[in-house]
Amino acid sequence: MVKNLVIVESPAKAKTIERFLGKDFLVKSSFGHVMDLSKKQLGVDIEHDFMPNYEISSDKKKIVSELKKLSKEAKTVWLASDEDREGEAISWHLANALKLDENKTKRIVFHEITKTAITEAINNPRNIDIDLVNAQQARRVLDRLVGFELSPLLWRKVKPALSAGRVQSVAVRLIVEREEEIKNFKSISNYRITADFKIASQNGIKLLKAELPKRFAKKEDALEFLNKCKAAEFSVASIEKKPAKKSPAAPFTTSTLQQEASRKLGFSVGNTMRVAQKLYESGKITYMRTDSVNLSNLALSTAKKEISSLFGENYVKIRKYKTKAKGAQEAHEAIRPTFINVHKIEGDNAGQKLYNLIWKRTIASQMSDAILEKTNVSINISTTKEKLVAKGEVIKFDGFLKVYLESGDDDNSETQKGILPPLSEGEKLNLQELIGVEKFSLHPPRYSEASLVKKMEELGIGRPSTYAPTISTIQKREYVIKEDRDGKERKFNFLSLKNDQISEIEKIEKTGYEKSKLFPTDIGTLVNKFLVQYFENIINYNFTAKIEKEFDEIAEGHKIWNEMIKNFYSPFHSQIEDTLEKSKKFSGEKLLGKHPETDKNIFVKIGRYGPMVQLGDTDIEEKPKFAGLRNGQSIETLTLGDALDLFKFPRNIGSYEDEEMSVAIGRFGPYVKHKSLFYSLAKTDEPTTIQTERAIEIIEEKRKKIRESIIKEFKEDTDIKVLKGRWGPYISYNKKNFKIPKTTKPETLTLDDCKKIIKSSGTKTSAKKTPVKKTVTKKVAAKKISTKKTTKKVAVKK
DNA sequence: CAGTGAGCGAGCTTCCGCTTGACTT
């Protein structure tokens, strides 16, 4: 029998702690929350003080029964989940789910995973902090109420299966509003003057680049300035040197890791988290979901030792960083290498790169400032009062720059600073060329996944564990899309003064190229418009900050959680009912124009399956004609001509093997239909012009591919086939797929072998799937909006 | 994967945060 059972949140943490505690302690993990509001229903009893209806999560049943068994045998159960709001609730849920005896249950917390910290925690147990738990209940219930009342409203007013929530809807709003800003942005141009001087030095001719601090709004003004400089003499007016310093950035949190991995390694937010998770599980880094910039004393002292031995003692500067993030809960350390003396690790490329980034950032954070010397050279022009300026920067002491420099979001800074050639005051300068370039002002940048995370963190919306999932949700719902967009060509004027000659030419540059940026879709834009119109108070940028304050008051015991929820819910629910009653269907309908031949109206709007065009009105007897928009088309930019093209489908394009072929646009793009089979067109095919010959080619290509994917067929039973797929060979039967055991060669399979595999795996998958499938529900969520529900209550400990 | 769209109505969809694997055609 084990005397002591310790329960933590993560299995990797459990393993480490067990090493410190010795054989009297068994350390297990709960894998996060084990209980949650019921999945299908609202899970909150509005009639009875918002009593939550908790259930053991379906994927946690196994672990809960195991922990229950172990806890019965143990003399003392130590609940060691994190010290924040969610962690406290996890302990409370464990106490309820495992039916723990209060007398043998102890709650402990530790901030560092070291023997001393853990022993100290064991020596100072406390009880579950019910105020903190209540703050979590309030958070959970509010999110459920908002999500489960707003979403059904969207199903009825906009489109089925949509979703809205306190966090995701604000994330979408940020992207939609940024796009509007960009659309309304008016780029203005001005003229930037730069000069290149030739400087003779010992090592040959060097170039000195200088700039006029002032810009000219008009081309004429820039030309006039160039003219003035035609016969001018240039000389150094003054040389000014100023010391400056740069400090390292704080160690990584989840959000800053995601940003830097995106900028420096090109990782998506989700990819960064997957790679980090692996590093954590193999013990190479500390926990990767954190909002803390704090490093443990142990980490600080190893960093100090490491820096001294690598670079010398003058490179060490131990620093304590303070978090700036709103609502940070700081249950963990910053993200750092577990062993700071390990510079490089084995493993896959992505893991090594990310580890390296984390190592450098951690080390740099404890290094001295870089000392710089900035030089400003002012240059006289004999024919005008204006002065040119040349800027240089020299690193006097590199400090932390030896290992790491944080990247910025806009990496296209124009002025490159470096070492200036040797100059002296009064020195005459030899002009090579004076240039005036037309520059256009830039619209605010679109969000990338990482810069959206940064913005959300600033607003206090979402948590380290949800940044990546939220970003994937809003893409899965097709509110936003991540994509590259080609730039456009733009003309600009280029003026030059060289050898006393002024020339003026028009050049072309490419502008507006976007790589992996987030764009709102038509649906995202429409849903946002609906929510801003009717629920601005909920998707307001300050809403989360406001309720977080109240959650804090609950945690401090100054406020009762269900009273707070009641104060929120009454007006919110009336708002839902009002909107349900008063607002019309929100389809974003727009009249594009009239059909040139039939004179019928043509509309563009969001339908049941997304954006579409409609030919003819709905209130007349004749049924209107519909067609979905094609990939890449949007309600915003669709023209009447585009709409007319869409109504040309299905197009008959001749016949093949005595059957007709037609081309149309479907849910998954353009296709050829032949003998009631579908063949997708290639991206290079244009469905409006494609002809018989090419269509036959497409059909034959597909047939060939299918033939090639067959490994084995059986004459006795044509339903069963052994096929080659993306993940290797598999058995196909009745449109279902079955895995082939790795030990058997697919070519050697007989029909009986296949039937056996189908039978054995068939029972397994069905056994797994049946409990997930829902049983019987009596009421429909969409209708529940304005009706009272009956939920079974589960006893909740006060 | 599946190639729709009004209206009728049944039955479905949905939130945020805390954790990992199992699984994909």
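If you check every strand for non-hydrogen atoms under 4.0 Å, A:P11 touches sugar and phosphate atoms only. Within the 4.0 angstrom heavy-atom criterion, no nucleotide atom of any strand lies near A:R85. Residue A:G87 is out of contact with every strand shown, counting any heavy-atom pair closer than 4.0 Å. In this structure, A:L162 reaches the sugar-phosphate backbone alone: every heavy-atom distance under 4.0 Å involves primed, P, OP1 or OP2 atoms, never a base. Note on A:V167: only backbone sugar-phosphate atoms sit closer than 4.0 angstrom, heavy atoms only; bases stay farther off. Within 4.0 Å (heavy atoms only), A:S163 reaches sugar-phosphate atoms of the nucleic acid but no base atom. At a threshold of 4.0 angstrom between heavy atoms, the contacts of A:P160 include nucleobase atoms, whether or not backbone atoms are also involved. Residue A:A164 is classed as a sugar-phosphate contact, given heavy-atom separations below 4.0 Å to backbone atoms only. Here A:G165 lies in heavy-atom contact (under 4.0 Å) with sugar-phosphate atoms only. At the heavy-atom level, A:F649 lies nowhere under 4.0 Å from the strands shown. Residue-level contact check: A:Q168 touches the backbone only, with heavy atoms under 4.0 Å from sugar-phosphate atoms and none from bases. Counting any heavy atom pair closer than 4.0 Å across all strands shown, A:Q277 reaches sugar-phosphate atoms only and no base atom. Within 4.0 Å (heavy atoms only), A:Y467 reaches no atom of the nucleic acid at all.
Rounded to whole angstrom, the span from the CD1 atom of A:I706 across to the C1' atom of B:dT25 amounts to 13 Å. Rounded to whole Å, the distance from CE on A:M273 to P on B:dG21 is 15 Å. Between the CD1 atom of A:I7 and the P atom of B:dT19 there is a distance of 16 Å, given to the nearest Å. The nearest whole Å value for the distance from the NZ atom in A:K39 to the C1' atom in B:dG17 is 12 Å. Atom NZ in A:K60 sits roughly 12 Å away from atom P in B:dC18 (whole-Å rounding). As a whole-Å value, the separation of A:Q41 CD from B:dG11 P is 16 Å. B:dC16 atom P lies 11 Å from atom CG of A:L142, rounded to whole Å. Computed from coordinates, the A:K62 NZ to B:dT20 P distance equals 16 Å when rounded to whole Å.
With respect to the salt-bridge test (charged N to carboxylate O, under 4.0 angstrom), the residues A:R139 and A:E548 do not qualify. No salt bridge links A:R274 with A:E281; every basic N to acidic carboxylate O contact stays at or beyond 4.0 Å. A:E88 has a carboxylate O that lies under 4.0 Å from a charged side-chain N of A:R107, or vice versa, which qualifies the two as a salt bridge. Between A:K648 and A:D645 a salt bridge is recorded (basic side-chain N to carboxylate O distance below 4.0 Å). A salt bridge links A:D36 to A:R140: at least one charged side-chain nitrogen sits closer than 4.0 Å to a carboxylate oxygen.
When the nucleotides B:dC15, B:dA2, B:dT20 are ranked by their closest atom to the side chain of A:F668, B:dA2 comes out on top. Considering only the side chain of A:S465, B:dG17 comes nearest among B:dG17, B:dT20, B:dC15. Listed nucleotides: B:dG3, B:dT19, B:dA6. Nearest to the side chain of A:R289: B:dT19. If you check B:dT13, B:dT14, B:dG17 against the side chain of A:H33, the one that comes closest is B:dG17. For A:R144, the side-chain atoms get nearest to B:dC15 when compared with the rest of B:dC15, B:dA6, B:dG17. In this structure, the nucleotide among B:dT20, B:dC18, B:dT14 sitting nearest to the side chain of A:I90 is B:dC18. Out of B:dT14, B:dT19, B:dT20, the shortest distance to the side chain of A:M288 is found at B:dT20. Which of B:dT19, B:dG17, B:dC15 sits closest to the side chain of A:S151 comes down to B:dC15. For A:K40, the listed nucleotide lying nearest its side chain is B:dT13; candidates were B:dT13, B:dT19, B:dG17.
Nearest-nucleotide assignment on DNA chain B puts the 5′-proximal partner with A:G628, out of A:S29 and A:G628. Place A:S680 and A:E9 on DNA chain B by their nearest nucleotides, and A:S680 ends up nearer the 5' end.
Applying the 5.5 angstrom centroid cut-off and the 30 degree plane-angle cut-off, the aromatic ring of A:W155 is not stacked upon the base of B:dT14.
No cation-pi contact links A:R651 to A:F649, judged by a cut-off of 6.0 Å to the six-membered ring centre and 45° from its axis.
Distance noted for atom P between B:dC1 and B:dT24: 13 Å (whole Å). Rounded to a whole angstrom, the distance from the P atom of B:dT25 to that of B:dG5 is 26 Å.
Phosphate proximity of B:dG3 to A:Y679: absent, as no side-chain N or O sits under 4.0 Å from OP1 or OP2. Look at A:R156 and you won't find any side-chain N or O under 4.0 angstrom from OP1 or OP2 of B:dG9. Dashed line: the shortest gap from a side-chain N or O of A:R477 to OP1 or OP2 of B:dC15 is under 4.0 Å.
Residue-to-nucleotide contacts include no donor-acceptor pair under 3.5 Å from the side chain of A:R463 to the base of B:dC18.
A heavy-atom distance below 4.5 Å is not found between the side chains of A:V27 and A:I7.
Checked against the 6.0 Å centroid threshold, A:F530 and A:F586 count as a close aromatic pair.
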